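All figures in this text were calculated on a predicted structure; none of them were measured in a lab. Proteins come first, then strands; the chains are lettered A, B, ... in the order of their sequence lines, and each starts at number 1.
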Protein chains: 2
Amino acid sequence: MTKLPTLPAKSPQAATEKVAEAIALAIHQHRIVPGTKLGEDELGEIYGVSRTVVRAALQSLAHIRLVEIKRNRGAFVAQPTRAEALEIFEARELLEPRTARSAAANATLEDIALLESHIRDEHNALATADPGRAVHLSGLFHVEIARIAGQVTIAGFVETLIARSSLIIALYWRRESALCEKHAHHALVKAIADGDGDRAADLMRSHLVDLHTALDLRDRSVPARSLKEALGA
Amino acid sequence: MTKLPTLPAKSPQAATEKVAEAIALAIHQHRIVPGTKLGEDELGEIYGVSRTVVRAALQSLAHIRLVEIKRNRGAFVAQPTRAEALEIFEARELLEPRTARSAAANATLEDIALLESHIRDEHNALATADPGRAVHLSGLFHVEIARIAGQVTIAGFVETLIARSSLIIALYWRRESALCEKHAHHALVKAIADGDGDRAADLMRSHLVDLHTALDLRDRSVPARSLKEALGA
DNA sequence: CGTATATTGATTGTATACAATTATGTGTCC
DNA sequence: GGACACATAATTGTATACAATCAATATACG
């Protein structure tokens with residue numbers, strides 16, 4: 001297992017962060033759908049921690065807008081509107097070609113290997129009919145590129161955008177067009193490995209446009225599930 | 001006995017946000033300098049709230065990287081390095097011309113008036129030799145433009161960048177070049193009022209480059225003050 | 001029968017109490 | 001005098017308890 005060289009010195013034991021990551025993962029993998037109420041007591045019981053910890057985790061997730069906190073009403077998995085969806089992809093089209101370009105300039109062999117392993121994982125997830133996990137891994141791929149780019153601030157922004165994109169995909173994704181991903185990611189890694197910043201930026205841009213246009217902005221209701229069922233690992 | 005309906009009385013339950021804003025303001029106005037330890041008990045006593053509230057506020061500020069939280073050690077006002085300073089201004093040069101362009105397309109007369117009042121306030125603060133407040137207001141001006149642009153996500157990013165810029169200015173600003181601001185902001189508002197997006201974007205870009213080049217990246221120690229003295233308003 | 005109002009229940013907001021970790025100060029030994 | 005070890009104090013991390021607020025149901029009234 002390779003360590004992440006650039007951005008996050010993820011401190012190992014922090015109950016709050018662990019809970020936050022667990023919830024975020026569940027959202028990314030679409031095990032809990034947008035709109036779901038995230039009760040503090042309920043989550044505390046599931047993870048075996050007190051409300052204090054759950055609360056901090058939820059506030060952390062609220063800051064990256066994965067959940068929305070309404071005063072005195074509680075936390076809910078965020079439901080981006082169509083307008084927000086477009087906005088987020090616009091922002092990605094602004095930032096990510098830049099990160100791809102910088103990544104091409106900075107990437108080490110280790111970085112390339114990591115990206116390739118991400119692609120393999122993603123492919124496997126698709127093969128095993130686990131689309132939620134595939135979406136999550138696809139997002140990790142983009143975040144990883146931002147980290148390689150070495151611009152901590154922008155990488156943080158990209159991470160936020162990816163997180164919200166996951167919600168958007170849960171709400172507005174049109175299932176038919178799912179395969180393009182793998183080849184796009186492969187080509188991108190190749191450009192980065194070649195150190196060809198221009199090509200990497202272009203590929204990233206067109207990849208994002210593809211994603212963007214694959215959204216179906218009609219309403220689509222998603223079936224709810226109980227938290228215990230979804231999170232009770 | 002019946003309570004008045006539909007009266008949106010501001011519930012005093014925004015305690016956390018109030019404290020967070022108070023601390024953020026103090027940092028923005030350079031009343032507390034980078035590196036200062038922010039003890040939970042101490043802050044709780046100053047604002048008359050419990051550590052629970054202070055803790056939440058500090059974590060919120062940590063998310064926008066105004067403070068840095070070290071596990072089991074406490075919260076400190078963040079100290080961006082020179083590299084981070086450059087990075088942040090790069091990010092601003094990427095995002096803010098875009099917000100200026102969108103603002104030019106969207107701005108109402110009301111928005112323009114608001115921006116002009118911001119400029120007046122900033123000018124007054126400079127006239128009354130209150131540079132900390134001027135820096136703060138200058139930042140608000142940029143955030144306001146992002147808000148007018150209507151892109152919530154990007155506006156949030158800009159807000160974070162402005163916040164950190166305030167820290168950077170506290171650490172690396174070269175005092176001699178302070179006056180350029182006002183004219184730059186004026187010209188920018190004019191372009192926005194005219195609906196000239198291209199010009200607004202250009203002006204914003206050059207304005208940011210000016211700021212960027214006005215940084216002095218040599219080390220400079222800033223004198224510390226006690227929290228009670230700085231915050232006890 | 002429908003609407004409006006009071007009461008109840010559940011959930012969040014805040015404060016306090018306890019546990020774990022880190023920083024500090026003191027004494028001993030070299 | 002300096003370095004190390006231990007004890008003590010101070011601070012943060014977490015859990016629990018209480019207060020405030022909101023949603024929902026029940027009840028009274030037209």
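- Closest to the B/T16 side chain, of the nucleotides D/dT21, C/dT14, D/dT12, is C/dT14.
- Atom CG of A/L58 is separated from atom P of C/dT11 by 15 Å (rounded to the nearest Å).
- Not less than 6.0 angstrom separates the ring centroid of A/H118 from the ring centroid of A/F141.
- The interatomic distance linking A/K70 (NZ) with C/dT11 (P) rounds to 16 Å, in whole Å.
- Rounded to whole angstrom, the span from the CD1 atom of A/I69 across to the P atom of C/dG13 amounts to 7 Å.
- If you check C/dT12, D/dG13, D/dT11 against the side chain of B/K37, the one that comes closest is D/dT11.
- Side-chain atoms of A/D111 come within 3.5 Å of backbone N or O of A/T108 as a donor-acceptor pair.
- Listed pair B/K18 / C/dG13 fails the phosphate criterion, with no side-chain N or O lying under 4.0 Å from OP1 or OP2.
- D/dT12 atom P lies 12 Å from atom CD of B/Q59, rounded to whole Å.
- Side-chain rings of A/H185 and A/H123 stay apart, their centers remaining 6.0 Å or farther from each other.
- Figure legend: cation-pi geometry between A/K18 and A/Y47 absent, as NZ or CZ is not positioned both under 6.0 Å from the six-membered ring centre and within 45° of its axis.
- A salt bridge is defined here as a Lys NZ or Arg NE, NH1 or NH2 lying under 4.0 Å from an Asp or Glu carboxylate O, and B/R71 with A/E17 meets this definition.
- When the P atom of C/dG13 is taken as reference, atom CD of B/E17 falls 10 Å away, rounded to whole Å.
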Give the C-alpha distance, both sets of side-chain angles, the deciding distance and a yes or no for side chain to side chain contact (heavy atoms under 4.5 Å, CB included) between A/L115 and A/I148. CA-CA 10 Å; A/L115 288 176; A/I148 292 170; 3.8 Å; yes
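- Residue B/N72 contributes atom CG, which lies 17 Å from atom C1' of C/dT24 at whole-angstrom precision.
- For B/R55, taking side-chain heavy atoms from C-beta onward, the closest of the listed nucleotides C/dT14, D/dT14, D/dC22 is D/dT14.
- Per the geometry, CG belonging to A/D41 stands 7 Å off P belonging to C/dT12, to the nearest Å.
- Residue-environment remark: NE2 (B/H63) exceeds the threshold of 12 foreign heavy atoms within 6.0 Å.
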Under 3.5 Å between N/O atoms: give me all the protein pairs with nucleotides 15-18 of chain D, atom names plus distance.
from   : atom 1 : to    : atom 2 : distance (Å)
D/dA15 : OP2    : A/S50 : N      : 2.9
D/dA15 : OP2    : A/S50 : OG     : 3.0
D/dA15 : N7     : A/T52 : OG1    : 2.8

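- Side-chain nitrogen and oxygen atoms of A/R73 include none within less than 4.0 Å of the OP1 or OP2 phosphate oxygen of C/dT11.
- Here D/dT11 presents its P atom at 12 Å from CG of B/L43, a figure rounded to the nearest Å.
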